[in-house]
Each structure stands twice: as structure tokens, then as C-alpha cells.
Protein chains: 2
Amino acid sequence: MDMDNMQVKILKALAHPTRLKIVKKLLKGTLCVCELNEDIDFSQSNLSQHLKILREANILIQEKDGLRVNYSIKSEEVTQLIFIVEKIVEKEIKNLTKQMGGE
Amino acid sequence: MDMDNMQVKILKALAHPTRLKIVKKLLKGTLCVCELNEDIDFSQSNLSQHLKILREANILIQEKDGLRVNYSIKSEEVTQLIFIVEKIVEKEIKNLTKQMGGE
DNA sequence: TTAGTATATTAGAATATTGTAATATACTTA
DNA sequence: TAAGTATATTACAATATTCTAATATACTAA
């Protein structure tokens, strides 16, 4: 796979509400699947499928520990990426409210 | 739309080989549709559809100038986002080659 | 006004992604 | 060993995305 496709794979993996939610939960640190499953509204198998996509995109790493499987964010850059996307949206919202005030 | 969905919209817009290519072309500066269309292998209508998605995700801005329509990257953060994704992939590749050398 | 040029939109078939239910695997403990 | 628990995989129907071809719009120039 070439670099462009690898980049698309990362972006695609993050471009889903459930998966973005999972990654954001992991910003604070490692969690096992059971913890990720807690306040989430979809099935266990679905969560597992999303985790696989995030693993294969090299966004998360998996560590087995007995019955449990722990997931964590693989690199600092992924965290930075999330923050930048958040910043872009914050700016958008700021612009929108500014426009509304001026009219 | 809430913040999470806006973030997903941005990531989704970038998560396509053609659209990522378009945005990368625009990293160097503004281009009109005709210039974007040059060494690209798909139809004009398809390019136009991709540009619409990038516009609606607030990634690009459009400026009309007579017959031409110019596109440019809306914010510095988008540029940063692209660089970070590139960095993640570079690191991945470095790790892969390291593993291969060690085995 | 008419013709030409650049870009956008629409419709629809082909393809990809999604979520659920059922099943499988892997580990632990009795 | 068998039963139980946590997680992963598979199959598939439902939904979303993609690209192309055809058509529409918007501007310019004759």
C-alpha cells in the first residue's frame, strides 16, 4: 500500500462517530474492551469490529491480559490529530456565532 | 449538528483518495477548477462533486472570478492536519522497515 | 441574442460500509 | 475435563457512497 492510501486508511478509520468516540475515550489512557463497552449503545460484536478497523489503521494497539483485551492509542500524533480536528470545529462554531451576531 | 458530527464530517471529507489529493494540491496555494482538473483521471462532474463535499465540510473555500471558480484551503489547521497524518504514516513505515531489518 | 466555455447538479447503477445475530475463539476456574 | 467469561469473526440485509452520463447553470464574447 502506498503512503496516500495509508493516510486515507487512517482518516477513514477516524471518520465514524462510534470510532471517534472510542478514540476520544482512550485519550485519557488505556481501557479494556469491557470498559469501552460500558456506556456505549451498540452491540459487543459491533464494538469489536470497530476496534479491528482502528487496529488495522495503526491507530490503536491491543494488549491481551488474560480474559481481557486492553486498547490504547498508538502514537502521540493521533492525539494531536484529534485535537486539531476539534480546533477546526471550534473555530467554525466561533465564526458562525460571529456571523449571526453581525446580522 | 453537534461538534462530534462536525468533526466526523471533516474527517470523512478528507478520507477519500481523490479528495485528499485535491487538498494536497491546494497546500501550495489557490487553484481554479480547471487547474485541479488537469492531471486528474476522473470526470469534471466527479471533481465538482468532491469539491462540494470539501466545501460543505468547511475545508475549502470557493471564490468565483468570471467563468472560473477558485478554491483554497480555509484554515491553517487543515494544513496542520494533513501534515500530522503524513507524519503518522512516515512513522509507521519507519517501524515496518525497522522490524524487517531486525528479523 | 446566440454560441461557447467553465463549473455544478441530477439520476441511477455499481460498490462499499454498517449493524445485528449467530457462532467461534481464547482464556480461566472449578 | 467442563462450564463460564471476554472478545473476535462471519454472514448478510440495510444503508450510504461512489462514479458516469446527461443536463443545467452562469458567465463571456461575438
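All values reported here derive from a predicted model rather than from experimental measurement.
When hydrophobic clusters are built by joining Ile, Leu, Val, Met, Phe, Trp and Tyr residues whose side-chain heavy atoms come closer than 4.5 Å, directly or via intermediates, Val8(A) is grouped together with Met1(A). Met3(B) is connected to Ile82(A) through a chain of hydrophobic side-chain contacts under 4.5 Å among Ile, Leu, Val, Met, Phe, Trp and Tyr, so both are in one cluster.
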Side-chain donor-acceptor pairs under 3.5 Å in residues 13-30 of chain B, sequence neighbours left out?
| unit_1 | atom_1 | unit_2 | atom_2 | d |
| --- | --- | --- | --- | --- |
| His16(B) | ND1 | Thr18(B) | N | 3.1 |
| Arg19(B) | NE | Ala13(B) | O | 2.6 |
| Arg19(B) | NH1 | His50(B) | ND1 | 3.1 |
| Arg19(B) | NH2 | Lys12(B) | O | 3.3 |
| Lys24(B) | NZ | Asp4(A) | OD1 | 2.9 |
| Lys24(B) | NZ | Gln7(A) | OE1 | 2.5 |
| Lys25(B) | NZ | Asp39(B) | OD1 | 2.6 |

Give every donor-acceptor pair under 3.5 Å between a side-chain atom in residues 53-67 of chain A and any protein atom, sequence neighbours left out.
| unit_1 | atom_1 | unit_2 | atom_2 | d |
| --- | --- | --- | --- | --- |
| Arg55(A) | NE | Tyr71(A) | OH | 3.2 |
| Asn58(A) | OD1 | Lys74(A) | NZ | 2.5 |
| Asn58(A) | ND2 | Glu92(B) | OE1 | 3.3 |
| Gln62(A) | NE2 | Tyr71(A) | OH | 3.0 |

Atom pairs and distances, side-chain donor-acceptor, residues 84-91 of chain B, under 3.5 Å, sequence neighbours left out:
| unit_1 | atom_1 | unit_2 | atom_2 | d |
| --- | --- | --- | --- | --- |
| Lys91(B) | NZ | Glu77(A) | OE1 | 3.0 |

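Contacts of Gln62(A) with the nucleic acid, taken as non-hydrogen atoms under 4.0 Å apart, involve only primed sugar atoms and P, OP1 or OP2.
Interface residues of residues 43-52 of chain A facing DNA chain D, ordered by number: Gln44(A), Ser45(A), Ser48(A), Gln49(A), Lys52(A); criterion, heavy-atom separation under 4.0 Å. Of the residues in residues 63-72 of chain A, those lying under 4.0 Å from DNA chain C by heavy-atom distance are Gly66(A), Leu67(A). Annotation: proximity of residues 2-28 of chain A to DNA chain C (heavy atom, distance under 4.0 Å) is found for Lys12(A), His16(A), Arg19(A), numbered in ascending order.
By the side-chain contact (heavy atoms from CB on, under 4.5 Å) test, Cys32(B) is found to be paired with Cys34(B), Glu35(B), Arg68(B), Asn70(B), residues two or more places apart in sequence or in another chain being considered. Under the rule for a side-chain hydrogen bond (donor to acceptor under 3.5 Å, both in side chains), the partners of Asn5(B) that lie at least two apart in sequence or sit in another chain are Asp2(B).
Reading DNA chain D from its 5' end, the first and the last nucleotide to sit under 4.0 Å from a heavy atom of chain B are dT17(D) to dT28(D).
With Thr97(B) contributing its side chain and Ile93(B) its backbone, the two residues share a donor-acceptor pair below 3.5 Å.
Leu81(B) CG to Leu11(B) CG: the interatomic distance, rounded to the nearest 0.5 Å, is 6.5 Å.
Applying the disulfide (SG to SG under 2.5 Å) test to residues at least two apart or on different chains, none of the pairs has a partner in residues 40-75 of chain B.
The shortest non-hydrogen separation linking Phe42(A) to Asn37(A) is O-OD1, 4.1 Å.
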